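Here the structure is laid out as structure tokens; the discussion comes afterwards.
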Amino acid sequence: MNSGECCSGGGGSGGGVGAAERSRRGSPREDGFAPSALGTREHWDAVYERELQTFREYGDTGEIWFGEESMNRLIRWMQKRKIPLDASVLDIGTGNGVFLVELAKFGFSNITGIDYSPSAIQLSGSIIEKEGLSNIKLKVEDVLNLSTKLSGFHVCIDKGTFDAISLNPDNAIEKRKQYVKSLSGALNAKGFFLITSCNWTKEELLDEFSEGFELFEELPTPTFSFGGRSGNSVTALVFQKT
């Protein structure tokens with residue numbers, strides 16, 4: 001289990017859920033997570049309805065899940081690995097779409113953002129339009145029930161969505177298994193999956209994605225020290241579809 005500050009920023013149908021939501025001790029569920037409204041669609045619909053209204057009134061795009069450094073970390077990796085600028089990229093739980101904007105600014109031209117909250121897609125569409133970008137695709141989609149058209153991606157990215165699914169009060173364990181299945185269907189052969197999490201450790205994520213994926217690389221994240229112990233408040237891993 002990760003410890004440290006709650007993840008902050010925006011990342012639709014996930015993100016910002018915070019390690020504090022998880023407790024191995026006294027948890028009513030076998031997976032160690034206490035059910036939370038942060039794992040429900042109703043919560044995120046309400047969040048993005050508010051953020052959409054705020055953007056319309058004040059032009060505020062909202063926060064970035066895990067901060068700007070999290071976006072830069074992923075883009076640096078894509079550049080280092082020479083991911084082609086025309087490679088198809090899927091942002092899972094895109095929220096306010098700010099990460100899509102950054103990808104476009106770095107030259108990536110085949111990017112898609114999905115979110116199960118219509119308000120999130122409205123918000124990201126408004127922000128993308130304000131930035132003058134037209135080559136970004138947005139779709140209202142539930143990652144647990146993707147349309148068959150969403151397949152063949154070279155890179156899939158998740159900043160907090162898997163965290164949120166883990167907190168769903170309704171059979172989260174099965175939903176996590178469905179997530180892995182959907183992810184596998186969305187990626188092409190040998191495609192990459194970049195996940196950033198504040199609720200899962202490296203070892204736990206290796207276990208969760210053991211079916212059909214192998215660890216490609218662990219990305220450096222901020223460390224913390226407390227009570228003589230040190231660790232990472234955030235885990236960032238790159239998997240490759242096998």
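Nothing here was measured: the structure is a model prediction, and the numbers come from that model. All residue numbers in this chain count up from 1 along the given sequence.
Atom NZ of Lys175 is surrounded by more than 12 heavy atoms from other residues, nucleotides or ligands within 6.0 Å. The environment of CD in Glu211 is sparse: at most 12 heavy-atom neighbours from other residues, nucleotides or ligands sit within 6.0 Å. No more than 12 heavy atoms of other residues, nucleotides or ligands lie within 6.0 Å of CD in Glu129, so this atom counts as exposed by the packing criterion.
Annotation: salt bridge (charged side-chain N to carboxylate O under 4.0 Å, His left out) contacts of Lys105 (sequence neighbours excluded): Glu131. With sequence neighbours excluded, the residues that form a ring pair (Phe, Tyr, Trp, His ring centres under 6.0 Å) with Phe192 are Trp77, Phe216. Annotation: ring pair (Phe, Tyr, Trp, His ring centres under 6.0 Å) contacts of Phe106 (sequence neighbours excluded): none. Under the ring pair (Phe, Tyr, Trp, His ring centres under 6.0 Å) criterion, Tyr179 pairs with Phe162, not counting sequence neighbours.
For Ala104 against Leu133, the heavy-atom pair with the smallest separation is CB-CD1, 3.9 Å. Closest of all the heavy-atom pairs between Gly95 and Ser124 is O-CB, 3.6 Å. Residues Asp207 and Ser210 approach most closely at O-OG, 3.0 Å, considering heavy atoms.
Between the side chains of Ser109 and Asn135, no donor-acceptor pair is found at a separation under 3.5 Å.
Although no hydrogens or angles enter the test, the distance criterion places a donor-acceptor pair under 3.5 Å between the side chain of Arg73 and the main chain of Pro220. Between the side chain of Thr94 and the backbone N or O of Ile114, no donor-acceptor pair lies under 3.5 Å. A donor-acceptor pair is defined here as one N or O able to donate and one able to accept, closer than 3.5 Å; such a pair exists between the side chain of Thr242 and the backbone of Gly212. Looking at Glu218, its side chain never comes within 3.5 Å of a backbone N or O of Leu237 through a donor-acceptor pair. Looking only at distances, no side-chain donor or acceptor of Asp115 sits under 3.5 Å from a matching main-chain atom of Ala120. The main-chain N or O of Asn110 is never found under 3.5 Å from a side-chain atom of Ser88 such that the two would form a donor-acceptor pair. Of the possible polar contacts, one joining the Glu141 side chain to the Ser147 backbone as a donor-acceptor pair under 3.5 Å is found.
Side chains of Asp158 and Thr196 form no contact here, defined as non-hydrogen atoms less than 4.5 Å apart.
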Using atom types as modelled, flag every donor-acceptor pair under 3.5 Å from a side chain in residues 180-189 to any protein atom, sequence neighbours excluded.
from: Ser182; atom 1: OG; to: Val143; atom 2: O; distance (Å): 3.0
from: Ser182; atom 1: OG; to: Gln178; atom 2: O; distance (Å): 3.2
from: Ser182; atom 1: OG; to: Gln178; atom 2: NE2; distance (Å): 3.3
from: Asn188; atom 1: OD1; to: Gly191; atom 2: N; distance (Å): 3.4

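Ile111 pairs with exactly one of Val155, Leu90, Leu138, Ile136 by the side chain to side chain contact (heavy atoms under 4.5 Å, CB included) rule, that one being Ile136.
Counting only residues at least two apart or on different chains, the salt bridge (charged side-chain N to carboxylate O under 4.0 Å, His left out) pairs with a member in residues 80-95 are Lys80-Glu217, Arg81-Glu217.
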